[in-house]
Number of protein chains: 2
Amino acid sequence: MSHREREFERIGGETVYDGSFVSVEVGRFRYPDGDEVERVIVRHPGAVGIVCHDDEHLILTRQPREAIGAPDSLELPAGKLEEGEDVMTTAKRELAEEVGLAADEWKVMPSYYSSVGMTDEIVYLVYATALREDPDAEPDPGERIEVVRWPLADLDGALAATKDAKTIIGLMLLREMRRGAE
Amino acid sequence: MSHREREFERIGGETVYDGSFVSVEVGRFRYPDGDEVERVIVRHPGAVGIVCHDDEHLILTRQPREAIGAPDSLELPAGKLEEGEDVMTTAKRELAEEVGLAADEWKVMPSYYSSVGMTDEIVYLVYATALREDPDAEPDPGERIEVVRWPLADLDGALAATKDAKTIIGLMLLREMRRGAE
């Protein structure tokens, strides 16, 4: 099975559900050998997760996640990309809205796909330091977010306390970066 | 915002799309303060990803992923849970079907949620060693899977070559395990 044999082309599809931020498409694809397949694809606008800390603490959130039945999911500050928005704009907005902070230093971290068999959701991870209070931040009370300051020295403990993919990947990347800097 | 204020209860919902393996539900939830929210939730049966290697090579797959437009996604062997199936049954079946192997040693690794704002998909990671050819394995040609033997000494290279969440998390966990064993 070579690369050439896997080069599909999209030959059609229809939207079977169009919701507030996700839609579901049944797409049709053709392979070079003539095979045609149908795939259910959840279309998602993409998201940004922000790995951020000061000298002593990781800045995390605790919030309810109805989809997984969890009232207290421990996560990176994060949010969905709005229509046409670039990653840094989303990152700055979510850092202000979710945890009331701004950052003076930003770095791009690797991005990843959440679940390649089902959705096109991509998650862009960014690294924010040189944090300061954002006087203009207006938290959205509807999100029910608690800001959690987690000791930076206990990254392993934070990893053990979450089951959220973006948070696991972001914190494991941070752990590698910090080891490299030692 | 305390734990108590985040303890939602499900008060209703309707299935707005019911597909081959995913369905989409618009659920309604109520919070202790009386607030009611609607959430679009993609229901998924869950999946298993298998971190496996022999003395010299990681066993990975390369396959087309229509959802992300990628003909050559580099991934752990993996598959969805069938109705009522336990994790180890899925793991053994997928290891045979995707890469033609059986394993004599299995360990449970951490599980995670793919995208907590959108879906209940959980991914169970398992670690398989003491690999041997499975004489009964019948690969599914429709999956267009190429087996990739990636040098175990180059875990970092494999991590740099994939953008798939389960593969990133599985290989980062493996890297930690191997460091601990050194």
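Numbers restart at 1 for each chain; the letters A, B, ... are given by sequence-line order, proteins then strands.
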Answer with yes or no whether the hydrophobic clustering places [X] together with [Y]; edges join I, L, V, M, F, W, Y residues whose side-chain heavy atoms lie under 4.5 Å apart.
X	Y	answer
B/L152	B/V99	no
B/I122	B/V87	yes
A/V108	A/L131	no
A/L95	A/V148	no
B/I50	B/L174	no

Would you indicate whether [X], at its atom [atom1], is surrounded by more than 12 heavy atoms from other residues, nucleotides or ligands within a distance under 6.0 Å?
X	atom1	result
B/E9	CD	yes
A/R132	CZ	yes
B/D104	CG	yes
B/Y127	OH	yes

With respect to chain B, which residue among [options] yields the maximal number of heavy-atom pairs within a distance under 4.5 Å?
options	answer
A/I68, A/V123, A/V37	A/I68
A/A160, A/S73, A/A70, A/P110	A/A70
A/G19, A/S111, A/S2, A/A47	A/S111
A/E25, A/E176, A/R43	A/E176

Would you say the side chain of [Y] lies within less than 4.5 Å of the side chain of [X], judging by non-hydrogen atoms?
X	Y	value
A/K80	B/M118	no
A/Y17	B/V26	yes
A/E7	B/D72	no
A/M172	B/I168	no
B/K163	A/V116	no

**Message:** Show, in sequence, the C-alpha distance, side-chain angles and deciding distance for A/R144 and B/D33, and conclude whether the side chain to side chain contact (heavy atoms under 4.5 Å, CB included) test is met.
**Reply:** CA-CA 11 Å; A/R144 298 170 185 274; B/D33 61 9; 2.9 Å; yes
**Request:** Identify which part of B/I145 has an atom lying under 4.5 Å from any heavy atom of chain A, answering side chain, backbone, both or neither.
**Result:**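 It is the backbone, since no side chain atom gets that close.
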**Request:** Please state whether the side chain, the backbone, both or neither of B/E75 comes within less than 4.5 Å of a heavy atom of chain A.
**Result:**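 Side chain of B/E75 only, per the 4.5 Å heavy-atom cut-off to chain A.
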**Request:** Flag the pair A/R65 and B/D120 as a salt bridge only when some basic side-chain nitrogen lies within less than 4.0 angstrom of an acidic carboxylate oxygen.
**Result:**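 Salt bridge between A/R65 and B/D120, a charged N being under 4.0 Å from a carboxylate O: no.
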**Prompt:** Would you call A/E66-B/R30 a salt bridge at under 4.0 Å N-O?
**Reply:**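 No, no charged N to carboxylate O under 4.0 Å.
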**Request:** Check A/A165 against B/S114 and note the closest heavy-atom contact, atom names and distance.
**Result:**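 Minimum heavy-atom separation between A/A165 and B/S114: CB-O, 3.6 Å.
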**Message:** Please check this pair: side chain of B/R6 against backbone of A/P64, looking for a donor-acceptor N/O pair closer than 3.5 Å.
**Reply:**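 A pair under 3.5 Å: no.
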**Asked** Could you walk me through whether A/R62 and B/H3 pass the side chain to side chain contact (heavy atoms under 4.5 Å, CB included) check?
**Response** CA-CA 9 Å; A/R62 221 188 284 279; B/H3 169 77; over 6 Å; no
**Request:** To the nearest 0.5 Å, tell me how far B/T167 OG1 sits from A/Y113 OH.
**Result:**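 If I round to the nearest 0.5 Å, the distance is 13.5 Å.
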